[in-house]
2 protein chains.
Amino acid sequence: MSYPTATLLASATKEDALRESVIVAAQRLFQHYGLAKVTLEDIAKAIGKGKSTLYYYYKSKEEIFTAVMDREIGEVMVEMAQAVESATTAEEKLCVFSLTKLRALRKKLALYGIVCKEVNSQAEFTCAMRQSYMKRESVLLRGILRFGIETGELGRLSPTDVEALVFVMLSGLHGMELEMMGNNNFEMLEPAVGILTRSLIHGLKS
Amino acid sequence: MSYPTATLLASATKEDALRESVIVAAQRLFQHYGLAKVTLEDIAKAIGKGKSTLYYYYKSKEEIFTAVMDREIGEVMVEMAQAVESATTAEEKLCVFSLTKLRALRKKLALYGIVCKEVNSQAEFTCAMRQSYMKRESVLLRGILRFGIETGELGRLSPTDVEALVFVMLSGLHGMELEMMGNNNFEMLEPAVGILTRSLIHGLKS
DNA sequence: TTTTCGACTGAAAAATCTTTTTAGTCGAAA
DNA sequence: TTTCGACTAAAAAGATTTTTCAGTCGAAAA
């Protein structure tokens, strides 16, 4: 870290507070206008500071954006983790994992005003979100799989194999979602999650 | 059709021959240089005719391109249909279907000099190919599923449900393929096809 | 009648040049 | 330690000109 190391607690707290206010302001602005249209001056003005001040707290615009995306993903993750926790079997956990993921991400995209057609053109957004997301998702997913293997609910396959399968499933659902968006035909999607998860689990058991 | 209707067999044959030579030349050129960089004059020169002559046989550049893509896909389809035919159970059929699809399409992409990173930028190519592909793929796929249902190999689900599941699986494999391409890590892909197909089938049976 | 082509058009793409915007730096001030 | 005004360089946006090329048309060749 190249930031000034806080020797006093008070000063650390103040710095943290300002770093926080930058993120809060940036998050709101990015949601409304997107990465490209929000300038550092916009963010600075929003917290009543000059542009150069931002560089005292963050070393680049990208760092700010990444921090915001990290927070967005964090919120999704909390939602997912809670849903997964409340499920009892690995099968149920996987189901709610997939469903919550679909719903939460869709909500986030809507928040940023991104509709299906634009998803691909908003590369910078999806890319940052994806990076941040993938890392945390596998932690959650691996937890579920370990659980299923410990309880004997998942069959003879290794965690790596199971993870590959679930990856394929999730990627497939994503592809399906895009396809459905094209036809404005979402009804098929969520039932498919259930059928697919159950199929996979039963397949793995046998 | 706005083309001159052939009243004589001989004239029809000559017209067909020229239409064919256009496609052959165009196919070679498109493979080397891509849709955008090949002009109608290039194609015309390749068959020793003037540009305007092409319009006597095809009504637009797109029609030529579509015809070429249709031929490419046709070749893939023949390969797939043969592989599927030689398999005996629905499970095996689905496996070779997926595997042949992955391999054949990868081969075609290589032929057109399209590497993973460019796939998205070559929208015109993938779009035309996809359209032509999807239609024929579902025919083949539905055949396999009907077979599995008739022989009782596939369980209680309706063909529509099964098709949705297989769609998710294929779309997932595609996503996985892209991911693997990023890491240059293909080994995981083909084994996954087998595991995934078996899982699905066993899941559907239960 | 069937097939070919040269000459033309319009619209879009490419290339060129100019102007504006803005991420990031720096040194001074609070 | 924290803030900011003034600056830079590089890229984006705009404006303008030039080139390319799909597609048309009417006449000529076969």
Side-chain angles (χ1 to χ4, degrees), chain A residues 1-23 25-26 29-30 33-69 121-125 128, chain B residues 1-23 25-26 29-30 33-69 121-125 128:
Chain A
M1 280 285 216
S2 59
Y3 306 125
T5 25
T7 46
L8 295 169
L9 200 69
S11 106
T13 307
K14 190 188 165 192
E15 188 180 316
D16 286 352
L18 238 155
R19 283 177 63 85
E20 172 69 16
S21 76
V22 170
I23 295 302
L29 287 167
F30 284 141
Y33 308 105
L35 172 61
K37 282 183 189 154
V38 175
T39 71
L40 287 178
E41 284 211 20
D42 293 334
I43 300 174
K45 224 172 275 172
I47 60 165
K49 291 282 160 68
K51 186 185 72 168
S52 306
T53 304
L54 294 181
Y55 284 90
Y56 186 74
Y57 297 97
Y58 293 93
K59 75 166 194 284
S60 67
K61 187 184 182 184
E62 195 187 334
E63 198 177 272
I64 297 176
F65 185 62
T66 305
V68 170
M69 284 300 111
S121 64
Q122 297 258 353
E124 95 277 336
F125 172 84
Chain B
M1 283 282 217
S2 59
Y3 308 124
T5 25
T7 44
L8 293 169
L9 201 67
S11 105
T13 307
K14 189 189 168 195
E15 188 180 316
D16 285 351
L18 239 156
R19 283 177 63 86
E20 172 68 15
S21 76
V22 170
I23 294 303
L29 287 168
F30 284 142
Y33 308 105
L35 171 62
K37 282 183 188 154
V38 174
T39 69
L40 288 178
E41 283 210 24
D42 293 333
I43 300 174
K45 225 172 274 174
I47 60 167
K49 292 282 160 69
K51 187 185 72 167
S52 304
T53 304
L54 294 182
Y55 284 90
Y56 186 73
Y57 296 98
Y58 294 92
K59 75 165 192 286
S60 67
K61 187 185 183 184
E62 194 186 334
E63 196 177 273
I64 297 176
F65 185 62
T66 304
V68 170
M69 283 301 108
S121 64
Q122 297 259 355
E124 93 277 338
F125 172 84

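Everything numeric in this text was worked out from a predicted model, so none of it was measured. Chain letters run A, B, ... following the sequence lines, proteins first and then strands; every chain starts at 1.
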Next on the checklist: Working note: B/Lys61 + B/Leu35, criterion side-chain contact (heavy atoms from CB on, under 4.5 Å); need CA distance, chi angles, decisive distance, verdict.
Outcome noted: CA-CA 9 Å; B/Lys61 187 185 183 184; B/Leu35 171 62; 3.7 Å; yes

Item to check | Derivation and outcome, side-chain contact (heavy atoms from CB on, under 4.5 Å), residues B/Ile47 and B/Leu54 | outcome: CA-CA 10 Å; B/Ile47 60 167; B/Leu54 294 182; 4.1 Å; yes

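The side chain of B/Lys49 has C/dT4 as its nearest neighbour among D/dA22, D/dT3, C/dT4. Counting only heavy atoms from C-beta on, B/Tyr56 has its side chain closest to C/dT3 among C/dA7, C/dG24, C/dT3. The side chain of B/Lys61 approaches D/dG23 more closely than any other nucleotide in the set C/dG24, C/dG6, D/dG23.
Once rounded to the nearest 0.5 Å, the distance linking NZ of B/Lys37 with CZ of B/Phe30 reads 13.5 Å. With values rounded to the nearest 0.5 angstrom, A/Tyr57 atom OH is found 5.5 Å from A/Lys49 atom NZ. From B/Phe65, atom CZ reaches atom CD1 of B/Ile43 across 10.5 Å, with rounding to the nearest 0.5 Å.
Going from atom CG of B/Leu54 over to atom C1' of C/dG6 covers 15 Å, rounded to whole Å. Regarding B/Lys37, its NZ atom lies at a distance of 10 Å from the P atom of C/dA14, rounded to whole Å. For the pair A/Lys59 NZ and C/dG24 P, the computed distance is 10 Å after rounding to whole Å. Regarding A/Ile47, its CD1 atom lies at a distance of 12 Å from the C1' atom of D/dT2, rounded to whole Å. Put simply, CG on A/Asp16 is 11 Å from P on D/dT2, counting in whole angstrom units. Residue A/Glu41 contributes atom CD, which lies 12 Å from atom P of D/dA6 at whole-angstrom precision. In this structure, CG of A/Leu40 is placed 14 Å from C1' of D/dC4, rounded to the nearest angstrom. What separates CD of B/Glu62 from P of D/dA22 is a distance of 13 Å, to the nearest Å.
Relative to the axis of its first five pairs, the axis of the last five pairs of the helix from C/dT1-D/dA30 to C/dA30-D/dT1 sits at 30°, rounded to 10 degrees.
Here B/Ser52 does not reach the OP1 or OP2 of C/dT4: none of its side-chain N or O atoms lies under 4.0 Å away. Of the side-chain N and O atoms in A/Tyr57, one or more sit less than 4.0 angstrom from OP1 or OP2 of D/dT3.
Side-chain N/O atoms of B/Thr39 and base N/O atoms of D/dT20 include no donor-acceptor pair closer than 3.5 Å.
When all heavy atoms of A/Leu40 and A/Ile64 are compared, the pair lying nearest together is CD2-CD1, 4.1 Å. Between B/Val68 and B/Ala26 the shortest heavy-atom distance is CG2-CB, 3.9 Å.
Residue contacts shown for A/Lys51 include a base, since a base heavy atom lies under 4.0 Å away.
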